**Q** 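Okay, here's the structure, questions in a sec.
Just so we're clear, the structure is a prediction, and the values are computed from it rather than from any experiment. All residue numbers in this chain count up from 1 along the given sequence.
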Amino acid sequence: MAGSIIVSEETLIPLSTMGLYYLIERIRLEFDEEDEPFKNEIYETLDEQGMPFIVLRGQDRKGFNAFAKATKLAYDKERHETSFSELLWDNLISKLTSDPRYAGDIF
């Protein structure tokens, strides 16, 4: 089974199951405590509905950038590990930075 990160109505990142969980579980760990409500909303489809995707589509600028910030922290930690998958991270970061909600100063 595969999964996705739904960035917006126009942008979907299809991933293998391993690729999905590789990214989203590392990102999940990096949310600030104050951004917990955004994290819960983004991961709701996965955690509460058991669906293999997370959704950024409904997030406003603040929620979207909380995810982008967590992604940057996870990326910085992971890039020094042997399990680092540059292609997966680069694809996600590219989609995040091209979204109009992106703050522009995270990556």
**Q** Could you grab the distance from atom OG of Ser85 to atom CG of Leu15, nearest 0.5 Å is fine?
**A**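 Result: 9.5 Å between the selected atoms.
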**Q** Once rounded to the nearest 0.5 Å, what's the spacing between atom CD1 of Ile6 and atom OG1 of Thr45?
**A**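 These two atoms lie 7.0 Å from each other.
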**Q** Would Arg101 and Ser8 count as a side-chain contact (heavy atoms from CB on, under 4.5 Å) if you check the C-alpha gap in whole Å, the side-chain angles of each, and the deciding distance to 0.1 Å?
**A** CA-CA 10 Å; Arg101 295 169 289 177; Ser8 68; 4.1 Å; yes
**Q** Counting N and O atoms only, with roles assigned by atom type, does the side chain of Arg28 sit under 3.5 Å from a partner on the main chain of Ile24, one being a donor and the other an acceptor?
**A**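 Not a single qualifying donor-acceptor pair exists.
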**Q** What's the separation between atom CG in Leu96 and atom OG1 in Thr11, rounded to the nearest 0.5 Å?
**A**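 Here the interatomic distance stands at 9.5 Å.
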**Q** Give me the ring orientation class for Phe67 and Phe31: parallel if the planes are under 30° apart, tilted from 30 to 60°, perpendicular past 60°.
**A**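 Tilted, since the angle between the ring planes falls between 30° and 60°.
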**Q** Which heavy-atom pair separates Ser16 from Gly19 by the least distance, and what is that distance?
**A**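 Looks like OG-N, 2.9 Å.
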**Q** Please check if the distance between the ring centroids of Tyr75 and Phe107 is under 6.0 Å.
**A**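 When the ring centroids of Tyr75 and Phe107 are compared, they turn out to be at least 6.0 Å apart.
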**Q** Could you measure the distance from the CG atom of Asn65 to the CG atom of Asp105? Nearest 0.5 Å is fine.
**A**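 One gets 7.5 Å once the value is rounded to the nearest 0.5 Å.
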**Q** Determine yes or no for a side-chain-to-main-chain donor-acceptor pair under 3.5 angstrom, with Ser94 supplying the side chain and Asp90 the backbone.
**A**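 No, the answer is negative, given that no donor and acceptor are paired below the 3.5 Å cut-off.
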**Q** Hey, any chance Leu92 and Leu20 share a hydrophobic cluster, counting ILVMFWY side chains that come within less than 4.5 Å of each other, even indirectly?
**A**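 Yes; tracing contacts between hydrophobic side chains, which count when under 4.5 Å, links both residues.
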**Q** Between Lys39 and Asp35, is there a side-chain N and carboxylate O pair less than 4.0 Å apart?
**A**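 Salt bridge: no.
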**Q** Spell out, yes or no, whether Ile93 and Leu73 are grouped together once hydrophobic residues are joined by side-chain heavy atoms under 4.5 Å, including indirect joins.
**A**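 Shared cluster, no.
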**Q** Taking atom NZ of Lys72 as the centre, report whether more than 12 heavy atoms of other residues, nucleotides or ligands fall under 6.0 Å from it.
**A**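 Yes.
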**Q** So do Asp32 and Lys69 actually touch side chain to side chain, heavy atoms under 4.5 Å?
**A**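 Lys69 vs Asp32: side chains touch.
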**Q** Please lay out, stage by stage, how Tyr22 and Trp89 fare under the test side-chain contact (heavy atoms from CB on, under 4.5 Å).
**A** CA-CA 10 Å; Tyr22 167 82; Trp89 287 104; 3.0 Å; yes
**Q** Is Phe53 reachable from Ile27 through a run of I, L, V, M, F, W or Y residues, each pair having side-chain heavy atoms under 4.5 Å apart?
**A**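 The answer is no; the residues belong to distinct hydrophobic clusters.
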**Q** Out of curiosity, does Val55 fall in the hydrophobic cluster containing Tyr102 (side-chain heavy atoms, cut-off under 4.5 Å, transitive links)?
**A**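 No; Val55 is not reachable from Tyr102 via cluster members.
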**Q** Salt bridge between Lys77 and Glu30, side-chain N to carboxylate O under 4.0 Å?
**A**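 A salt bridge links Lys77 with Glu30.
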**Q** Rounded to the nearest 0.5 Å, how far apart are CG of Asp99 and CG of Leu56?
**A**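 That separation rounds to 8.0 Å.
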**Q** What heavy-atom pair brings Ser4 and Pro14 nearest, and what distance separates the two atoms?
**A**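 Minimum heavy-atom contact is OG-CA, 3.9 Å.
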**Q** Is there a path from Met51 to Leu12 through hydrophobic residues (I, L, V, M, F, W, Y) whose side chains come within less than 4.5 Å of each other?
**A**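 They do share one cluster, since a chain of ILVMFWY contacts under 4.5 Å joins Met51 to Leu12.
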**Q** From Arg26 CZ over to Glu78 CD, what is the distance, rounded to the nearest 0.5 angstrom?
**A**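 With rounding to 0.5 Å, CZ (Arg26) is 4.5 Å from CD (Glu78).
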**Q** Is Asp60 salt-bridged to Lys62, cutoff N-O under 4.0 Å?
**A**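 Lys62 and Asp60: not salt-bridged.
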